[in-house]
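Notes follow once the structure below has been shown.
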Amino acid sequence: MKKVKYAFFTFQPSDCEAAQLWLTRLYDQGWELEHLPHFILPAKFIPRTRDDVKYCVDLTRGVRDPNFAPDDFDKLVQESGWTLVGTARTGLDVYKSLPGRDPIPIQTDPALFKKAFFRRELLPILIGGLIVALFLALLGSTLGLRTTLPTRLLTSNWELLNAVALLYMIVFFFVTVGWGLRFWLRSSPSAPNLRLARLKSFCGTLFYLCWLFCLILLPFSRVLEAEGSAPVRDPQAVAGLPLLTLEDLGLSGDTAIRLRQQSSILASEMVLEENADVLSLTQTRWDCRFGWVADQIVADTLASYERSMPYTPADLGFDQSWTYTSDTGFHSLLLRQGNTVVQLYGSLDLTTPDRLERLRDALELAS
């Protein structure tokens, strides 16, 4: 038999009876709870050391050590024959009976438990949800509601994972509120459903793992994934890419080139920057796996530059194309051919027939 067993304890506060039943079943199988960490780490079980252990799971009164400056409640619990094993991150205190004691449950009145549940668990969640909703509404009214997906989200696997994690956390939050309201409004307590409670526990574990990913891992993952705009020392490395260069336009010279590439399961992105004396050309190419991804990138680009660089639709021989020219001679071109989207801007006018033909050939866009 193993010497130690680890298992996640992420039962919801409304499932305290199911959590108590789960601990009892593990004890009957020969495993006794020894340590319950407050954070996401799993609970530690050891082979049972005695035959008279009972468990009691109650709403938390805060992370604490009853052996150090216990309050009146802690003293009463100890005198009743219970000892605190630990406090779960979900808001539950787990007690274990003292050797040679057969204590009664800490909370025996369901009505009092519901009042405590509303005050300690449900009300803070509702207030927090209201604050978040008001903040999002204020942010949306200030910045304007976006109906398109950000291009950065579509071209980075880490950003996609982050979005999925955030979406799951939002959905789980509202589902948790629903579980809490259903438990609080129920007229009479029902028998604990261990299978459903374990499913909710698994969803809770996934929630905290997503929270950990968004808070800690995502910033590091961006650093690891981002290759940054690096100087290109070998021009031939760019010549083999489906990108337009100043050399393709017959304007080669002492040119400084920077290239950045990244991709996701939805689209790949290449950004090329060239500067030669008074000439400059920056282009971004997106090769999309699906047509709707190209639609989103076009819509997001048009929305992002609506104020600083408002594009005008133009007929340039591509599926879709837009142009922009400033009073100072700054030019920009946005075009789409099939599932490929390209944005170019700089000090060059690329809408002349000769340059458009060279552009089509360099970008390898079939008409």
Rounded to the nearest 0.5 Å, how far apart are CG of D58 and OH of Y95?
6.0 Å
Can you list, by chain and residue number, the hydrophobic cluster partners of V4 when the side-chain cut-off is 4.5 Å?
Y6
What pairs with S326 under side-chain contact (heavy atoms from CB on, under 4.5 Å), at least two apart in sequence or on another chain?
Y324, T328, F330
Sequence neighbours left out, what passes side-chain contact (heavy atoms from CB on, under 4.5 Å) with L112? Give chain and number order.
Q107, D109
All pairs passing salt bridge (Lys or Arg N to Asp or Glu O under 4.0 Å) where residues 326-352 contributes a residue, at least two apart
D295-R336
Going by the salt bridge (Lys or Arg N to Asp or Glu O under 4.0 Å) test, which pairs reach into residues 196-213, not counting sequence neighbours?
D15-K200
Does CZ in R307 sit with more than 12 non-hydrogen atoms of other residues, nucleotides or ligands closer than 6.0 Å?
no
For the residue pair Y305 and Y345, does the interplanar ring angle fall in the parallel (under 30°), tilted (30 to 60°) or perpendicular (over 60°) class?
tilted
W22 and F9 aromatic ring geometry - parallel, tilted or perpendicular at 30°/60° bounds
tilted
Would you indicate whether the side-chain heavy atoms of R285 and L241 approach each other to under 4.5 Å?
no
Who pairs with R195 by salt bridge (Lys or Arg N to Asp or Glu O under 4.0 Å), at least two apart in sequence or on another chain?
none
Any donor and acceptor pair, going by atom type alone, linking the side chain of T284 with main-chain N or O of Q343 inside 3.5 Å?
no
